[in-house]
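Below is one structure, written out as structure tokens; comments come after it.
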Amino acid sequence: MDLKDQIISERIPRHVAIIMDGNGRWAKKYGKPRVFGHRNGVKAVREITETAADLGVECLTLYAFSTENWNRPRLEVNALMSLLVDTLRIEINSLNENNIRLNAIGDLTKLPKRTYETLMEGIEKTKNNDRMMLNLALNYSGRWEIINAVKKIAQDSKNNLIDAENLTDAVFEKYLTTSGIPDPELLIRTSGEYRLSNYLLWQIAYSELYFAPIYWPDFREEDFYKAIIDFQQRERRFGKTSEQL
Ligand code: FPP
């Protein structure tokens with residue numbers, strides 16, 4: 001049976017988050033500069049976006065640039081920012097044709113002006129699309145997001161807009177960059193590393209984790225199907241016992 005046929009269409013995760021890791025090592029394997037890996041990583045982004053939308057995933061969040069990634073060599077940071085601008089310009093029509101809405105989370109105003117403007121333009125142009133949200137985590141880190149939320153809560157508390165005594169999970173979530181988006185049910189990391197790398201730390205409290213031993217540029221449609229099938233075989237207990245489910 002085809003892998004796709006093994007997928008239970010009624011149990012597709014609403015939100016899948018991905019740590020696209022291994023671009024640099026993929027390039028090294030071919031004796032090429034790291035940027036060659038990122039360029040080929042974009043092909044995987046395109047394929048997995050289409051695959052996720054076809055399956056009925058509602059939101060796909062991709063870790064495209066972390067707050068720690070600024071520490072990479074300047075040449076690589078500049079190349080990643082340019083790649084992002086070029087990709088968004090090329091792909092925006094295709095996102096519209098496929099009814100996919102672009103969104104971004106992270107400290108976006110600190111991005112280079114051209115990257116920020118192209119991103120905002122893409123978000124604006126696709127804002128009415130409702131088949132799937134392609135959510136790019138850019139200049140993002142989980143700890144930054146949590147601190148940012150706490151600062152806003154402190155401000156609102158000072159202005160008597162919120163009673164900090166009554167703070168709940170649901171209220172806290174409204175202060176996160178993912179407000180209104182369901183938590184990821186599935187988190188995929190490629191490249192064979194077993195780390196969370198400061199990604200969606202609040203939101204993944206109950207996510208199922210899937211680690212693929214494949215560098216991101218090699219991650220194909222079939223690999224995404226395998227992750228979904230694996231997810232569908234898990235028993236999600238949320239602290240309860242099997243018998244209670
Ligand atoms: C991690 O691999 C990859 C990144 C930090 C960047 C991901 C960016 C892209 C795939 C291209 C742009 C994305 C979009 C959404 C248009 P790594 O460089 O850390 O690889 P390594 O661990 O092998 O060094």
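What you are looking at is a predicted structure, and each value in this text was computed from that prediction instead of being measured. Atoms within a ligand are numbered from 1 in the order they appear, just like the ligands themselves.
Counting heavy atoms only, A64 comes closest to atom 6 (C) of ligand 1 of the residues A64, G22, P217. Of all the listed residues (H38, K28, K43, M20), M20 holds the heavy atom that lies closest to atom 1 (C) of ligand 1.
Those atoms of ligand 1 that come under 4.0 Å of a heavy atom in R34, given as number and element, are 17 (P), 18 (O), 24 (O). Against a heavy-atom cut-off of under 4.0 Å, R25 is close to the following atoms of ligand 1: 21 (P), 22 (O), 23 (O). Close approach of ligand 1 to L136 is summarised as follows: ligand atoms under 4.0 Å from at least one heavy atom of the residue are 15 (C).
Protein heavy atom at the shortest distance from atom 5 (C) of ligand 1 is N69 OD1, 3.7 Å. The protein atom (non-hydrogen) at minimum distance from atom 14 (C) of ligand 1 is L84 CD1, 3.9 Å. Atom 19 (O) of ligand 1 has as its closest protein heavy atom R72 NH2, 2.7 Å. Closest to atom 9 (C) of ligand 1, if we only count protein heavy atoms, is N23 ND2, 3.9 Å.
Linking Ile, Leu, Val, Met, Phe, Trp and Tyr residues whenever their side-chain heavy atoms come within less than 4.5 Å places L60 and I92 in a single cluster.
Enclosure of atom CD1 in I147 is not indicated, since only 12 or fewer non-hydrogen atoms of other residues, nucleotides or ligands lie within 6.0 angstrom. Within 6.0 Å of NZ in K29 there are more than 12 heavy atoms belonging to other residues, nucleotides or ligands.
Partner of T115 under the side chain to side chain contact (heavy atoms under 4.5 Å, CB included) criterion, chosen from L138, V85, L80: V85. Among N96, I90, N98, the one residue that satisfies the side chain to side chain contact (heavy atoms under 4.5 Å, CB included) test with S94 is N98.
Checking side-chain atoms of R14 against main-chain N and O of G56 turns up no donor-acceptor pair under 3.5 Å.
Using the six-membered ring where Trp is involved, W216 and F219 have ring planes that are parallel, under 30° apart on the 30 and 60° scheme. By the 30° and 60° cut-offs, the orientation of the rings of Y63 relative to Y199 is parallel.
Residue T87 places no N or O, backbone or side chain, under 3.5 Å from any N or O of ligand 1. Annotation: G24 places an N or O atom under 3.5 Å from an N or O atom of ligand 1; distance criterion only.
Residue contacts with ligand 1: E193 is excluded, as none of its non-hydrogen atoms falls under 4.0 Å. At least one heavy atom of V42 lies less than 4.0 angstrom from ligand 1.
Salt-bridge annotation for R131 and D54: present, with a side-chain N of the basic residue lying under 4.0 Å from a carboxylate O of the acidic one.
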